[in-house]
Amino acid sequence: MLAGLKFAVHRTIPSPVLNAYHFVLAILAALIYGFPSRDIVVVGVTGTKGKSSTIEFLNAIFEAAGWKTALASSIRFKIGEKSRPNLLRMTMAGRFALQRFLSKAGHAKCNIAFLEMTSEGARQHRHRGISLNALIFTNLAPEHIESHGSLEAYANAKFELGKQLARSRKRPRYMVANADDTQSPRYLTLPIEHALPFSLGAAGPFSTSESGGSFRFEKTDIQISQPGEFSLRNALAAATLARAMGIEIEAIARGLANVKNIPGRAERIEAGQDFIVVVDYAHTPDSLQAIYDAYPGHRRICVLGSTGGGRDMWKRPVMGSIADATCDHVILTNEDPYDEDPKTIVEGLARGMTKQVPEIIMDRRVAIRAALSLGKAGDAIIITGKGTDPCICGPRGSKNPWSDAGVAREEIQALRTATASETR
């Protein structure tokens with residue numbers, strides 16, 4: 001209810017007034033905490049996809065090199081050895097939360113902080129008052145179109161983070177951008193000391209499998225444990241910045257190899273079953289296709305919804321079509337309906353399906369249970385949309401505690417227990 005009230009109030013405030021309010025609040029937060037970003041190396045990561053994974057790769061590399069690190073992402077908050085899950089359902093924390101985080105990181109004697117940064121955060125000036133040393137741009141794909149008004153407006157909002165790096169008084173500064181993305185030239189032509197493109201095509205020979213992948217970086221073979229080309233790109237982005245900042249190749253390779261499982265990002269659930277179970281955040285058409293393509297040669301049983309009722313309705317039939325063409329069995333379920341009828345959301349997904357009739361199970365736990373019950377040796381059960389989201393958001397601001405990974409483990413155990421009882 002409070003969220004709805006806040007939204008209604010914002011709708012009544014003229015845009016220039018609201019913009020000034022957000023700006024003043026950001027500067028006030030930085031003033032209160034004494035502009036803590038000036039005293040620590042700060043690396044921002046932005047893009048439609050891959051931000052959280054790239055930050056995990058960066059963190060592992062710099063830890064392997066002996067740096068004391070901090071990070072704030074949609075997965076977790078970490079300062080030194082202390083880490084806790086992000087339960088806010090905000091990819092980029094609010095202004096006061098971010099400045100407080102950076103202040104704590106500085107007091108804990110961290111050398112470097114990694115921040116996941118978003119277009120919505122930039123619209124609300126959450127990046128203001130943060131002095132960046134570096135920014136990584138991973139990619140841009142259609143997302144948040146209703147919120148921003150157009151793809152161009154979304155791209156421009158995200159580019160404000162590049163401008164923030166250009167405004168930074170820190171030296172030297174590093175801009176790392178995915179050269180395979182059409183938006184990269186505008187980032188790489190910013191007036192920055194070090195403009196660093198990266199491209200998977202230039203990191204060959206590279207290979208991927210369901211258990212990981214490898215790529216060539218400065219004459220060294222780098223191994224990672226995450227599947228798919230998207231994981232290689234995220235790791236390559238992290239390696240590119242780390243090397244430019246003076247991290248040795250050996251530490252880069254060791255750090256990337258240390259990342260065994262990223263929560264909610266192609267996360268393998270191992271609970272004694274003889275088939276693959278994966279939980280992934282995929283919430284755009286291309287990220288959904290990428291996670292499905294990471295498991296070729298398997299019978300794919302796919303559980304999906306459509307993140308965020310009332311927004312990005314265009315992608316529902318597109319995602320349904322991808323599941324229809326790629327998965328052997330599709331179960332559509334509830335995800336985060338907010339104030340929209342969840343059945344309407346699922347119907348939008350189903351409209352994109354012409355090859356098969358999806359199974360519709362609105363209770364997400366029951367849907368996951370049904371998918372797991374179909375699993376046989378060699379199958380891949382792929383559960384997408386929520387990742388590490390800690391709740392299901394319903395009408396009038398309601399939030400029901402949730403964990404795709406936790407529920408999957410519970411249901412696998414229940415199935416194994418039931419099977420063991422039947423064989424006695």
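This is a predicted model, so every value here is computed, not measured.
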| said: So I61 and W67, do their side chains get closer than 4.5 Å, heavy atoms only? | reply: no
Checklist entry - R123 and N156: side-chain donor and acceptor closer than 3.5 Å? => result no
TODO: For the residue pair D221 and S214, confirm or rule out a side-chain donor-acceptor distance under 3.5 Å.
DONE: no
- Is any side-chain heavy atom of D379 closer than 4.5 Å to a side-chain heavy atom of H298? no
Without swapping roles, check the side chain of N334 against the backbone of P342 for a donor-acceptor pair under 3.5 Å.
no
Requested in this report: Salt-bridge test for E81 and K68: reply yes if a basic N is under 4.0 Å from a carboxylate O, no otherwise.
Outcome: no
Would the number of heavy atoms belonging to other residues, nucleotides or ligands and lying under 6.0 Å from CZ of R169 be above 12? no
Discussion item. Any side-chain to backbone donor/acceptor pair from E210 onto Q226? Under 3.5 Å, distance only.
Written reply: no
If we ignore hydrogens and angles and just use 3.5 Å, is the side chain of S398 paired with the main-chain N or O of P395 as donor and acceptor? yes
For this session: For the residue pair K78 and T69, confirm or rule out a side-chain donor-acceptor distance under 3.5 Å.
Result: yes
Of F206, F57, F217, the one forming a side chain to side chain contact (heavy atoms under 4.5 Å, CB included) with L236 is F217
*Do the ring centers of F62 and F114 come within less than 6.0 Å of each other?*
yes
Check: If we ignore angles and hydrogens, is there a donor and acceptor under 3.5 Å between the side chains of S287 and Y281?
Finding: no
- prompt: Got a salt bridge between R316 and E340, using NZ or NE/NH1/NH2 to carboxylate O under 4.0 Å?
  reply: yes
Correct closest heavy-atom pair for L188 and A195 would be O-CB, 3.4 Å
Correct closest heavy-atom pair for Y154 and S119 would be CE1-OG, 3.2 Å
From the list K386, R409, R364, side chain to side chain donor-acceptor pair (under 3.5 Å) partner of D404 resolves to R364
Show the numbers, then the answer: is there a side chain to side chain contact (heavy atoms under 4.5 Å, CB included) between I112 and V43? CA-CA 8 Å; I112 191 167; V43 176; 3.9 Å; yes
In short, S131 meets V42 closest at the heavy-atom pair O-CB, 3.6 Å
- Task: Take the angle between the ring planes of H194 and Y174 and call it parallel below 30°, perpendicular above 60°, tilted in between.
- Result: parallel
Between L349 and S306, the two heavy atoms sitting closest are CD1-N, 4.0 Å
Side chains of S53 and R265: is there a donor and an acceptor less than 3.5 Å apart?
no
query: Is a donor on one side and an acceptor on the other found under 3.5 Å between the side chain of D336 and the backbone of C393?
result: yes
**OP:** Could you walk me through whether T46 and I136 pass side chain to side chain contact (heavy atoms under 4.5 Å, CB included), step by step?
**Re:** CA-CA 6 Å; T46 194; I136 293 178; over 6 Å; no
Exercise. Between the side chain of N59 and the main-chain N/O of E63, is any donor-acceptor distance below 3.5 Å?
Worked result: no
Less than 4.5 Å apart, any side-chain heavy atom of R89 and any of D389?
-> yes
Check D328 with R299, please: is the shortest side-chain N to carboxylate O separation under 4.0 Å?
no
| query | Can you tell me if Q356 and H329 form a side-chain donor-acceptor pair at under 3.5 Å? | reply | no
Looking only at heavy atoms, the pair that brings L241 and A134 closest together is CD1-CB, 3.8 Å
Check for a donor-acceptor pair, side chain of R254 on one end and backbone N or O of N258 on the other, with a separation under 3.5 Å.
-> no
Query raised in the report: Is there a donor-acceptor pair under 3.5 Å between the side chain of E248 and the backbone N or O of E250?
Result: no
State, without any angle test, whether T91 and T118 hold a side-chain donor-acceptor pair at a distance under 3.5 Å. no
Would a distance-only check, ignoring hydrogens and angles, find a side-chain to backbone donor-acceptor pair under 3.5 Å from S168 to L132?
-> yes
dist I55:CD1 -> N234:CG (nearest 0.5 Å) comes out at 10.5 Å
Could you tell me if the side chain of N111 sits less than 4.5 Å from the side chain of I40, heavy atoms only? no
The reported gap from CG in N261 to CD in E56 (rounded to nearest 0.5 angstrom) is 10.5 Å
Between I262 and S52, is a side chain to side chain contact (heavy atoms under 4.5 Å, CB included) present by the stated rule, with each step listed? CA-CA 9 Å; I262 300 176; S52 298; 5.8 Å; no
Between the CD atom in E267 and the CD1 atom in I75, the distance rounded to the nearest 0.5 Å is 8.5 Å
Do L115 and M92 come within less than 4.5 Å of each other through their side chains, counting heavy atoms only?
no
Check: Should the pair F137 and Y187 be assigned to parallel (<30°), tilted (30 to 60°) or perpendicular (>60°) ring geometry?
Finding: parallel
When every non-hydrogen atom of I345 is compared with those of P337, the smallest separation belongs to CD1-CA, 3.8 Å
Under 3.5 Å, is there a donor-acceptor pair between the side chain of K260 and the main chain of A257? yes
message = For a quick check under 3.5 Å, do S199 and D180 share a side-chain donor-acceptor pair by atom type?
response = yes
Checklist entry - Just wondering, do T388 and N86 contact through their side chains at under 4.5 Å, heavy atoms? => result no
Open item on the list: Do K170 and N133 pair up side chain to side chain, a donor and an acceptor below 3.5 Å, judged on atom types alone?
Closed with: yes
* Asked: Taking it one step at a time, do K51 and E116 satisfy side chain to side chain contact (heavy atoms under 4.5 Å, CB included)?
  -> CA-CA 6 Å; K51 298 184 294 296; E116 194 167 345; 3.3 Å; yes
Cation-pi check, R233 onto F230 ring (under 6.0 Å, within 45° of axis):
no
Using atom types as modelled and distance alone, determine if a side-chain donor or acceptor of Q164 lies under 3.5 Å from a backbone N or O of H127. yes
**Prompt:** Does K104 reach the side chain of K82, with side-chain heavy atoms less than 4.5 Å apart?
**Reply:** no
Regarding N19 and H125, do their side chains bring together a donor and an acceptor under 3.5 Å, going by distance alone?
yes
Q: Before accepting this row, confirm whether a basic side-chain N of the pair R369/D363 lies closer than 4.0 Å to the acidic partner's carboxylate O.
A: no
